[in-house]
Protein chains: 2
Amino acid sequence: MGLTKSEIFSKKQNDIAQIAKVLGHPARIAILEHIAKVETCICGDLVNEIGLAQPTISQHLKELKKIGILKGNIEGTSICYCLDEVKWEEIKDTLQQFLNIFSNQNNSCC
Amino acid sequence: MGLTKSEIFSKKQNDIAQIAKVLGHPARIAILEHIAKVETCICGDLVNEIGLAQPTISQHLKELKKIGILKGNIEGTSICYCLDEVKWEEIKDTLQQFLNIFSNQNNSCC
DNA sequence: ACCTTTTATCGTAATATTGCAATATATAAA
DNA sequence: TTTATATATTGCAATATTACGATAAAAGGT
């Protein structure tokens, strides 16, 4: 089918999964790492940095924008992408909270 | 194409992405949450808990086993799934490290 | 041996994702 | 206004994912 049955899960579960899904591609990890590294915002030299075609990078940027991690400002003829810090904190919180679900109990195996 | 060009990315980038990809489905989040909640390990009542068919749950469990989050012990006629605590710590570390990539700089936008 | 229960695997249909060439769009420069 | 540059969108091919019915496999009970 290829179609996830989102209706049967909670909003929280869907949110966590959607964030993870967007992070679930090495190109998108590479984009975020590059933006983190260059400090100043970057636009299309991601195409040079990463070895993917321009439409492909553009598509990955769209995915990242979809959940709000990145925002893009028009800067002359190019577009400057950078982190949306507020949204990033939210996403970080959501994931960090999830990463602690096993912290309280003794998950000893049977 | 549907085929990720893993060769052009670092092992770390591929690792992070693979973990995120596995977590990128609400059913797998639900499975982990349920195992966290019931403390003791659980097997096939995930099918009842979550509203998906048995083969579907089995497939999702396989994905989770693939990156080692879960391990399954044969317990009579059923199989008891539970967290692989060592592996979970590794996965948690990998993700937590990634979540801090933006912590050092001032990612002010252009 | 036969049945029951539980889980895995196979096969398949529907949909999603990845990647790119071609093209469109938008802005700056000449 | 034409040209160049940068990014987005469209269309498409190849592959992956999701879901499930049917069936196999494994172990326990009768």
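Reckoned from all heavy atoms, side chains included, excluding hydrogens, waters and symmetry mates. Every chain is numbered from 1, with letters handed out A, B, ... down the list of sequences.
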Is there a donor and acceptor pair closer than 3.5 Å between the side chain of [X] and the base of [N]?
X: Q54(A); N: dA8(D); answer: yes
X: Q59(A); N: dA8(D); answer: no
X: S78(B); N: dT6(C); answer: no

Euclidean distance, atom [atom1] of residue [X] to atom [atom2] of [N] [Å, nearest integer]:
X: I79(B); N: dA8(C); atom1: CD1; atom2: C1'; result: 8 Å
X: I31(A); N: dT18(C); atom1: CD1; atom2: P; result: 11 Å
X: I50(B); N: dC20(D); atom1: CD1; atom2: C1'; result: 16 Å
X: L70(A); N: dT7(D); atom1: CG; atom2: C1'; result: 15 Å
X: M1(B); N: dA21(C); atom1: CE; atom2: C1'; result: 11 Å
X: K62(A); N: dG19(C); atom1: NZ; atom2: P; result: 16 Å
X: L23(B); N: dT17(D); atom1: CG; atom2: C1'; result: 16 Å
X: Q18(B); N: dT17(C); atom1: CD; atom2: P; result: 18 Å

Please determine whether residues [X] and [Y] belong to a single hydrophobic cluster, defined as Ile, Leu, Val, Met, Phe, Trp and Tyr linked transitively by side-chain heavy-atom distances below 4.5 Å.
X: L52(A); Y: V38(A); value: yes
X: L64(A); Y: I74(A); value: yes
X: F9(B); Y: M1(B); value: no

Of the listed nucleotides [options], the one nearest the side chain of [X]:
X: H60(A); options: dG19(C), dT9(D), dC20(D); result: dG19(C)
X: T4(B); options: dC20(D), dT18(C), dT7(D); result: dT18(C)
X: T56(B); options: dA8(D), dG19(C), dC20(D); result: dC20(D)
X: R28(A); options: dT18(C), dC20(D), dA8(C); result: dT18(C)
X: K21(B); options: dA16(D), dA8(C), dA6(D); result: dA16(D)
X: A53(B); options: dA19(D), dC20(D), dT18(C); result: dC20(D)
X: L3(A); options: dC20(D), dT15(C), dT7(C); result: dT15(C)

* 5' priority, DNA chain C, between I74(A) and K66(A) [closest heavy atom] -> K66(A)
Distance check: side-chain N/O of [X] vs OP1/OP2 of [N], anything under 4.0 Å?
X: S58(B); N: dT7(C); answer: no
X: Y81(A); N: dA6(D); answer: no
X: K5(A); N: dA14(C); answer: no

* **Distance (rounded to the nearest 0.5 Å) between L95(A) CG and L99(B) CG** => 5.5 Å
* Asked: At what distance, to the nearest 0.5 angstrom, does CD1 of I101(B) lie from NZ of K37(A)?
  ->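 If I round to the nearest 0.5 Å, the distance is 11.5 Å.
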* Asked: Which is true for I57(B) with a 4.0 Å heavy-atom rule: it touches a base, it touches only sugar-phosphate, or it touches nothing?
  ->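 The residue I57(B) makes no contact with any strand.
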* Asked: With a non-hydrogen cut-off below 4.0 angstrom, is T77(B) in contact with a base, only sugar-phosphate, or nothing?
  ->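 Counting heavy atoms under 4.0 Å across all strands, the contact made by T77(B) includes a base.
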* Asked: Which comes earlier along DNA chain D counting from the 5' end, the contact point of L61(A) or that of H25(B), where each point is its nearest nucleotide?
  ->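 Closest to the 5' end, via its nearest nucleotide, is L61(A).
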* Structure fact -> From the list Q13(A), K11(A), Q18(A), side chain to side chain donor-acceptor pair (under 3.5 Å) with D15(A) holds only for K11(A)
